[in-house]
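Just so you know, ligand 1 is whichever comes first in the structure, and atom 1 is the first atom listed for that ligand. Keep in mind that what you see is a predicted model, and the values were worked out from it rather than measured.
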Amino acid sequence: MLHPRIIVAKDPEAVGKAAADQFEAVIAKKPAAVIGLATGSTPLPLYRELIAREKAGKIDFTKVRSANLDEYKGLAPDHEQSYRKFMQDNLFDHISIKPENTIVPLGLAEDVDAMCAAYEEKIEEWGGVDLQLLGIGHDGHIGFNEPDDHFPAMTHEVKLTEMTIEANKRFFNSADEVPRAAFTMGIGTIMAARKIVMVVTGKDKRDILKKTFWGPVDPQVPASILQFHPDVTLVCDEDAYPFN
Ligand code: GLP
């Protein structure tokens with residue numbers, strides 16, 4: 001069993017700064033790095049920090065390519081709650097990354113299998129993901145890989161669990177409006193990244209964080225597969241760290 005490198009930061013802002021250090025280092029070494037990005041509230045301080053660092057001349061996104069983990073099925077790219085819109089509003093519109101160098105699974109895809117296969121092919125064409133950012137759901141999901149009896153390999157369609165719909169309804173007018181399905185990179189896609197940074201904050205994530213890295217590797221806790229990845233950095237705040 002491998003163990004993550006662990007950074008326990010004071011609060012969510014400090015988590016954002018520590019995670020930004022990882023991005024800065026990877027992009028400094030490889031200006032055309034391929035970064036895997038995540039949505040949710042946890043990465044927001046990181047995205048603010050990345051925007052500030054580019055403004056301060058410390059990072060240059062002009063050659064960077066990015067691939068997002070997931071997208072809700074059925075939402076148009078400009079839908080208020082789509083992950084594409086989230087990325088535009090919280091990061092892409094404020095940095096120099098080129099629009100054609102950003103990919104997010106297409107929520108409105110008609111041929112799902114073709115869209116998922118093309119997504120994998122694009123990442124491969126770019127030479128694979130250099131640095132993958134992850135958050136974690138309360139049930140241990142990464143991207144939208146929900147608890148299952150196996151670890152799904154590639155980008156695919158998933159049914160969201162009630163727990164995830166409940167957790168994500170805060171962004172919609174009601175739980176009824178939350179899409180019931182999504183497209184997500186597979187566990188195999190995520191594990192193929194050369195380096196992974198997971199950001200976790202808040203007391204409510206403490207239990208699942210403990211299960212993820214200090215429990216058995218089990219597809220019922222999808223993130224637990226990360227115990228088999230050779231280069232994981234866990235950046236969590238004091239509230240989320242299970243041994244405080
Ligand atoms: C969503 C996303 C995940 C994210 C999770 C946690 O379900 N698909 O990628 O990690 O939410 O979000 P938050 O950081 O808001 O707790």
Starting from the N and O atoms of ligand 1, collect every protein N/O partner closer than 3.5 Å and put each pair on its own line with the distance to 0.1 Å.
| from | atom 1 | to | atom 2 | distance (Å) |
| --- | --- | --- | --- | --- |
| ligand 1 | 7 (O) | H141 | NE2 | 2.8 |
| ligand 1 | 7 (O) | N168 | ND2 | 3.4 |
| ligand 1 | 8 (N) | D70 | OD2 | 2.7 |
| ligand 1 | 8 (N) | G143 | O | 3.2 |
| ligand 1 | 10 (O) | I136 | N | 3.3 |
| ligand 1 | 14 (O) | S41 | N | 3.4 |
| ligand 1 | 14 (O) | T42 | N | 3.1 |
| ligand 1 | 14 (O) | T42 | OG1 | 2.4 |
| ligand 1 | 15 (O) | S41 | N | 2.7 |
| ligand 1 | 15 (O) | S41 | OG | 2.7 |
| ligand 1 | 15 (O) | R170 | NH2 | 2.9 |
| ligand 1 | 16 (O) | K205 | NZ | 2.7 |

Open item on the list: For K169, give me all partners under salt bridge (Lys or Arg N to Asp or Glu O under 4.0 Å), at least two apart in sequence or on another chain.
Closed with: E166

Under 3.5 Å, which donor-acceptor pairs do the side chains of residues 211-223 form with other protein atoms, sequence neighbours left out?
| from | atom 1 | to | atom 2 | distance (Å) |
| --- | --- | --- | --- | --- |
| T212 | OG1 | I208 | O | 2.7 |
| D218 | OD1 | Q220 | N | 2.8 |
| Q220 | NE2 | D148 | O | 3.0 |

TODO: Look only at the side chain of Y119 and the backbone of I103, and say whether a donor-acceptor pair between them is shorter than 3.5 Å.
DONE: yes

Please list, one pair per line, the donor and acceptor atoms closer than 3.5 Å that link side chains of residues 33-48 to other protein atoms, with sequence neighbours excluded.
| from | atom 1 | to | atom 2 | distance (Å) |
| --- | --- | --- | --- | --- |
| Y47 | OH | A38 | N | 3.2 |
| Y47 | OH | A38 | O | 2.6 |
| R48 | NH2 | E13 | OE2 | 3.0 |

Open item on the list: How close do I59 and E54 get, counting heavy atoms only, and between which atoms?
Closed with: O-CG, 3.2 Å

- [ ] For atom CD of E110, decide whether the heavy atoms of other residues, nucleotides or ligands shown that lie under 6.0 angstrom number more than 12.
- [x] no

